[in-house]
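Numbers restart at 1 for each chain; the letters A, B, ... are given by sequence-line order, proteins then strands.
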Amino acid sequence: RKEVEQDPGPFNVPEGATVAFNCTYSNSASQSFFWYRQDCRKEPKLLMSVYSSGNEDGRFTAQLNRASQYISLLIRDSKLSDSATYLCVVKGTQGGSYIPTFGRGTSLIVHP
Amino acid sequence: DGGITQSPKYLFRKEGQNVTLSCEQNLNHDAMYWYRQDPGQGLRLIYYSQIVNDFQKGDIAEGYSVSREKKESFPLTVTSAQKNPTAFYLCASRAGLGNLPLHFGNGTRLTVT
């Protein structure tokens, strides 16, 4: 089982739709969680951290379920500019060091 | 402005040549990381360094080498031993040891023919 798994998609949705992505992780000792956005041929950029109680930033909502070991990202009222790949990042420890592990990413295409 | 600078943006090399990718940060971050990304794939960790003069192998370190002589700099050498070096290379840094996110440079796209 891979450490961090995401459905690669693509998710193809119309403008204004609500779309949700999930990401599962295998290391129950993982301590911090993030969602990044990556545009084609660019570097990943932090979208939001994921907190245990869930958190919201405008149209974006992130949730963490430690019992089931997954995090989710909900995007409401999708915009054309939301089209990108969304990477889930989980930080655990490896030999005492704090290591971020990335999922393969979920591709989102928002069409008019 | 503070940030991470990777250079060059595009790099072309012949097979059998070593090549060094630059990564410099002025964020005063302690930890630095090198990732490799192949088309349609996630990021895979090559090497990381938590502190100056110390670095650790990641998941795919074979064929690569690094140094961390200064806090600001973490260059990556792709050696001729790396079997499939053509990829997008991303350098990142992070402050401290807490639950803080990575900040990325804008990447170097290496093509080896």
What heavy-atom pair brings A:P100 and B:Y35 nearest, and what distance separates the two atoms?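 That would be O-OH, 3.0 Å.
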Mind listing the closest non-hydrogen atom pair of B:Y48 and A:I99 along with its distance?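 Looks like CZ-CD1, 3.2 Å.
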With hydrophobic residues grouped by side-chain heavy-atom distances under 4.5 Å, do [X] and [Y] end up in a single group?
{"X": "A:L74", "Y": "A:M48", "result": "no"}
{"X": "B:F74", "Y": "B:V78", "result": "yes"}
{"X": "B:L110", "Y": "B:L90", "result": "no"}
{"X": "A:Y70", "Y": "A:Y86", "result": "no"}
{"X": "B:I4", "Y": "B:L76", "result": "no"}

Out of curiosity, [X] [atom1] to [Y] [atom2], how far, rounded to the nearest 0.5 Å?
{"X": "B:T108", "Y": "A:E43", "atom1": "OG1", "atom2": "CD", "value": "11.0 Å"}
{"X": "B:L43", "Y": "A:T101", "atom1": "CG", "atom2": "OG1", "value": "10.5 Å"}
{"X": "B:F104", "Y": "A:K42", "atom1": "CZ", "atom2": "NZ", "value": "15.5 Å"}

Heavy-atom distance under 4.5 Å to chain B: side chain of A:Q6, backbone, both or neither? neither
Side chain, backbone, both or neither: which part of A:Y36 has a non-hydrogen atom closer than 4.5 Å to chain B? side chain
Chain A contact via B:Q37 - which portion, at a heavy-atom distance below 4.5 Å: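 For B:Q37, the contact with chain A is made by the side chain alone.
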Do B:R109 and A:R41 have side chains that approach each other closer than 4.5 Å (heavy atoms only, starting at C-beta)?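 SC-SC contact between B:R109 and A:R41 confirmed.
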So do the side chains of A:K91 and B:R94 get within less than 4.5 Å of each other, counting heavy atoms only?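 Side-chain contact under 4.5 Å: yes.
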Counting only heavy atoms not in A:E15, do more than 12 fall under 6.0 Å of its CD?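 Counting neighbours around CD of A:E15, more than 12 heavy atoms of other residues, nucleotides or ligands fall under 6.0 Å, so yes.
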For B:I51, is the CD1 atom crowded, meaning more than 12 foreign heavy atoms sit under 6.0 Å from it?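 It does not: B:I51 CD1 has 12 such atoms or fewer within range.
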Begin from the C-alpha positions of A:F102 and B:L102 and carry the test side-chain contact (heavy atoms from CB on, under 4.5 Å) through to its verdict. CA-CA 11 Å; A:F102 285 76; B:L102 296 178; 3.9 Å; yes
